[in-house]
2 protein chains.
Amino acid sequence: MTAPPKASGHASPSEAGAQPWSERARTELRRAGYRRGGAREQLINLLARERCALTVQEMDGRLQEAYRQGASPRPVGIASVYRGIELLVELGLVARVDVGDGIARYERASVEHGGENHDHHHHHFICDRCGLIVPFDDQPLERAIVALEDRVGFAVSGHEVLLHGSCSDCRDTRR
Amino acid sequence: MTAPPKASGHASPSEAGAQPWSERARTELRRAGYRRGGAREQLINLLARERCALTVQEMDGRLQEAYRQGASPRPVGIASVYRGIELLVELGLVARVDVGDGIARYERASVEHGGENHDHHHHHFICDRCGLIVPFDDQPLERAIVALEDRVGFAVSGHEVLLHGSCSDCRDTRR
DNA sequence: TTCCGTGCAAATCTTTTGCACGGTC
DNA sequence: GACCGTGCAAAAGATTTGCACGGAA
């Protein structure tokens, strides 16, 4: 857990309009009292570009490559990736997804507050044989979960559904 | 992935009757060609006793304590816990649950084949503030997932639902 | 000018692997 | 008697932390 520097403004999430995720992320960071920095900025841009979950290794790899191609003045350290991700998760801007292989993955969180602007809310199917991860969404499932959230005695802030099994390729190739 | 020693019998799951989980586990292990061993046996008994997810550290701690109290001739090494768990997961007898703190948890898997004997199938609510894990089950949710499983183009062998949020204690104690 | 954000390297923690011995089949 | 299962210790990864410097406010 990180201690916010000084937290100048109010802490409630902004109106969460139809603005792109990267804008929302920058706004929330500033609102929470964080300064702007090069590594964090590159991380946001990277996550904004991706739809589905990435590992820290993958993020680091892409940032290294961007550096090699002259896109940034200095290399982004992997520690900064971890620190940036941790912060974004704390602020609810990024969701962590554990598919069961012991490596954490992260993707931008969709806006869930108003119910509108589900800017790509989805869940994951995992092939336990080859590791393939396929995103999917399903409205009936979402409805069932929302209904359930009201019934349980907790303040639910997010949910995650994982389907494990075999993808079509692996099913055919019966080992 | 572990290579089965010799795999004497057929590999399909047994009829999965109303027998206790520990019995089923021992049967499946034998059926898959594995021998019986002290550490594995103690691990099965431990998991059979627990309803919800345990970390490897927790399992190891309880086995150490059992040893100190003379319940076993020699201490169970943590490597054997990892190896035993891996095997049980492979055979579908144990399910891995990742709640998002980077530490793997394991609990016995319920029988899902016939639909009967759901011997404690459940999902988890996680308090992201204090780490509390609360199991819950919900029939409408299960129905939605089963319906979805038929619709996706994969062979789904299991599913997991995680609700993140704040438990009543943490919600009251607004930090 | 102050204090935060960052890169680098070391430290920590979880999980895996190598090896030799004792037990199961 | 052959080969598997296990404990111990070392190794391998993933993630976190300490520290000094450059940049944002």
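Chain letters run A, B, ... following the sequence lines, proteins first, then strands; residues in each count from 1.
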Nearest heavy-atom neighbours spanning B/R35 and B/R40: O-NH1, 3.0 Å

Interatomic distance, A/R35 CZ vs C/dG5 C1' [rounded to whole Å]: 8 Å

Distance in Å, B/I145 CD1 paired with A/I145 CD1, rounded so as to fall on 0.5 Å steps: 6.5 Å

Which residue lies more 5' along DNA chain D, comparing A/Y82 with B/G77 via nearest heavy atoms: B/G77

Sugar-phosphate, base or nothing in reach of B/G38, heavy atoms under 4.0 Å: sugar-phosphate

Any N/O donor-acceptor pair, B/R74 side-chain to C/dG23 base, under 3.5 Å: no

Spacing of B/D60 atom CG relative to C/dT14 atom C1', expressed in whole Å: 12 Å

Touch class at under 4.0 angstrom, heavy-atom based, for A/A79 against every strand present: base

Separation of atom CZ in A/R83 from atom C1' in C/dA9, rounded to whole Å: 12 Å

Below 4.0 Å: OP1/OP2 of D/dG5 and any side-chain N or O of B/S80: no

Atom-to-atom span, CE of A/M59 to C1' of C/dG7 - whole angstrom: 18 Å

Interatomic distance, B/R105 CZ vs C/dT15 C1' [rounded to whole Å]: 15 Å

Check: B/R36 side chain, C/dC25 base, donor-acceptor under 3.5 Å: no

Separation of atom CD1 in A/I85 from atom C1' in C/dT6, rounded to whole Å: 16 Å

Salt-bridge criterion met for A/R26 and A/E23 (N-O under 4.0 Å): yes

Position toward the 5' end of DNA chain C (nearest nucleotide), B/G102 or B/G37: B/G102

Spacing of B/D98 atom CG relative to C/dT14 atom P, expressed in whole Å: 14 Å

Heavy atoms of other groups near A/R51 CZ, more than 12 under 6.0 Å: no

Nearest-Å distance for atom pair CG/C1', residues B/D101 and C/dT12: 16 Å

Separation of B/E160 CD from B/D98 CG (nearest 0.5 Å): 7.0 Å

